[in-house]
J.: 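I'd like to ask you about the structure that follows.
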Amino acid sequence: MRLAAILRKEVDASRPGERLPSSREIMRRHGVSPVTVSRAIAQLAAEGRVVTRPGSGAFVAPVRAPAAEAPDLSWQTVSLGDRVVDDSGVVSLLVQPPDGVIPLTGGYLNAELRPVRELSAAAARAVRRPDSWAVPPLNGLPDLRRWFASEVGGTVTPSDVLVVSGGQSALTHAFRALAAPGEAVLVETPTYPGALAAAKAAGLRATAVPVDVDGVRPDMLAEAFALTGARVFLCQPTLHNPTGATLPLDRREQVLAVATAAGAFVIEDDYARYLTRGPVPPPLVTLDRHGTVVHILSLSKITAPSLRVAGLIARGPAAQRLRASQVVESFFVAGPLQETALEFVGSPGWRRHLATVGREVDARQEALLTGLALHAPEAIVHLVPKGGLHVWLRLPAETDEAALVEAARREGVLVSPGRIYYPSEPPGPRLRLTHIAAVTLAELDEGVRRFAVAFRGLLEAAVRNERAG
């Protein structure tokens, strides 16, 4: 509109708050009708150039700061490529439940079982040491490395130990140091979701090796090495997560022989060393003479989530690569944290804590298994573990696993879907239930009851749908 363009120039040359000529004056100046004037003023008002005040006229609008351009982050999609790491499985195991919701998932002791008082006392002693805030030895405090070596046993020496920031960090270092991006890494199937995420983050292709009630099958492991050319195998020989299987001695020897023949490393995640009930075979690393096994022993599971301290044991050039990875990524584990761990494991409270957790594991596993048999007999227990924190369940084939997890959440209980434990297609619906996250046995029992309500409801709905169909 010609009149709007003329008035726009006049407004741009005026000061904020100045009054525009009256409609009658504009009509006279430009020889236009009242309708044309109204339309022009309305256009400028819509552009935010003028404000109209009924009975007073139109005024130049106040100066407005230019609108900030919305950030456009879409360019990052191209630059980042397809190296997407799915952390949802790990996050689901770490998230704190809302009030009133009972956790039957997770991987750490509940708050009442953590040795908080003893750890606090140990931390107080640790920070009083004059050199606790200095740069520690890059591979860890000598006394802490000596303690890890003595715990593992065999021919492991303190010089074989690298202190790292927890088991997850140890896995990440091991994957990056022992395999190149694009290579295959063999994992038990099912397996710990954090391991799958760490492998993906390192650019590796996780390839499944089946397990049975005795753990990984050596024959299938040999076949997987031959087919993939992989040079790394991750396993949890003791209380495998999630199935609870423990490799007998003869299978441990077979696994070691298969890996040695393939010229491959075995990453042994000994996460459950302090959660076993009864004797278990010796760690793979104590059977190893040639540096095949890289061993991980973490303190976080048995103490508290934030005691991120683990011993990573390796020999030869592999050990040198692991140490280099640690130095380049984070220099070293914080001295006060190492000192705290050393103070605690060297105190009488350490052994008392282990005994307390052992009794709790026994009582809670029995309560969980009893509750499942009573309230959810359709959920088949894969095996009764010799300790540990979890029970692995096989569900009826027609069960919608994702729907069951959601139904349980609505009933006020969190359970862990089986899908996140598989690097490829799962064989059917599965669940992992954890007994150690609930605060009391009564809460644990109530959690099983709530799960059973959700499970029965889903099964009954499936039957109704089948009949209706």
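Just so it is clear, the values below take in all heavy atoms, side chains as well, and ignore hydrogens, waters and symmetry mates. Please read these numbers as outputs of a predicted model, since none were measured by experiment.
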J.: Working note: R252 + T238, criterion side chain to side chain donor-acceptor pair (under 3.5 Å); need CA distance, chi angles, decisive distance, verdict.
T.: CA-CA 10 Å; R252 294 183 186 225; T238 300; 2.9 Å; yes

J.: Between F451 and L431, is the side-chain contact (heavy atoms from CB on, under 4.5 Å) condition met? List the steps.
T.: CA-CA 11 Å; F451 164 71; L431 283 184; 3.4 Å; yes

J.: With a 4.5 Å cut-off on side-chain heavy atoms, are N139 and R145 touching?
T.: yes

J.: If you measure only the distance, is there a donor-acceptor pair under 3.5 Å linking the side chains of Y421 and R432?
T.: yes

J.: Do R129 and E343 pass the salt bridge (Lys or Arg N to Asp or Glu O under 4.0 Å) test, and can you show the C-alpha distance, the side-chain angles, and the key distance before you say yes or no?
T.: CA-CA 11 Å; R129 294 182 179 181; E343 285 279 352; 2.4 Å; yes

J.: Does a side-chain heavy-atom distance below 4.5 Å link T292 with F265?
T.: no

J.: Starting at CD of E366, measure out to CG of D362 and round the result to the nearest 0.5 Å.
T.: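 Rounded to the nearest 0.5 Å, the CD-CG separation comes out at 8.5 Å.
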
J.: Heavy-atom distance under 4.5 Å between the side chains of V327 and F332, does that happen here?
T.: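 Of all side-chain heavy-atom pairs linking F332 with V327, none is under 4.5 Å.
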
J.: Using 4.0 Å as the upper bound for N to carboxylate O, is an ion pair formed by D270 and R273?
T.: yes

J.: For a quick check under 3.5 Å, do H173 and S325 share a side-chain donor-acceptor pair by atom type?
T.: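 Yes, a side-chain donor-acceptor pair sits under 3.5 Å.
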
J.: May I have the step-by-step check of salt bridge (Lys or Arg N to Asp or Glu O under 4.0 Å) for E378 and R456, ending in yes or no?
T.: CA-CA 9 Å; E378 299 87 353; R456 283 197 305 272; over 6 Å; no

J.: Hey, is the main chain of L299 close enough, under 3.5 Å, to the side chain of T303 for a donor-acceptor pair?
T.: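 Such a contact is found between T303 side chain and L299 backbone.
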
J.: Is the shortest side-chain heavy-atom distance between H240 and L247 below 4.5 Å?
T.: no

J.: Do R146 and S159 pair up side chain to side chain, a donor and an acceptor below 3.5 Å, judged on atom types alone?
T.: no

J.: Any salt bridge linking E339 with R125? Criterion: basic side-chain nitrogen under 4.0 Å from a carboxylate oxygen.
T.: no

J.: For the residue pair H353 and W350, categorise the inter-ring angle as parallel (less than 30°), tilted (30 to 60°) or perpendicular (more than 60°).
T.: tilted

J.: Looking just at side-chain N and O atoms, do H295 and E268 make a donor-acceptor pair shorter than 3.5 Å?
T.: yes

J.: Do T370 and L372 pass the side-chain contact (heavy atoms from CB on, under 4.5 Å) test, and can you show the C-alpha distance, the side-chain angles, and the key distance before you say yes or no?
T.: CA-CA 5 Å; T370 300; L372 287 171; over 6 Å; no

J.: Say whether T155 and R315, considering side chains only, have a donor N or O and an acceptor N or O under 3.5 Å apart.
T.: yes

J.: What do the steps show when you test R217 against D219 for salt bridge (Lys or Arg N to Asp or Glu O under 4.0 Å), and what is the final call?
T.: CA-CA 6 Å; R217 293 175 50 185; D219 59 330; 3.1 Å; yes

J.: side-chain contact (heavy atoms from CB on, under 4.5 Å) for L297 and F148? Distances and angles first, verdict last.
T.: CA-CA 8 Å; L297 177 58; F148 274 118; 3.9 Å; yes

J.: Within the structure provided, determine whether L433 and H390 are in side-chain contact (heavy-atom separation under 4.5 Å).
T.: no

J.: Y274 ring centre to K301 NZ or CZ under 6.0 Å, with the angle to the axis within 45°?
T.: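 Not flagged: K301 not positioned over aromatic ring of Y274.
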
J.: Do other residues, nucleotides or ligands put more than 12 heavy atoms under 6.0 Å from the CZ atom of R277?
T.: yes

J.: Using 0.5 Å steps for rounding, measure from the CD atom of Q326 to the OG1 atom of T172.
T.: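 Between atom CD of Q326 and atom OG1 of T172 there are 11.5 Å.
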
J.: Go through the steps to decide whether I102 and L414 satisfy the test side-chain contact (heavy atoms from CB on, under 4.5 Å), and finish with yes or no.
T.: CA-CA 6 Å; I102 298 173; L414 298 182; over 6 Å; no

J.: Are any side-chain N or O atoms of N241 and backbone N or O atoms of Y192, one a donor and one an acceptor, separated by less than 3.5 Å?
T.: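 Not a single qualifying donor-acceptor pair exists.
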
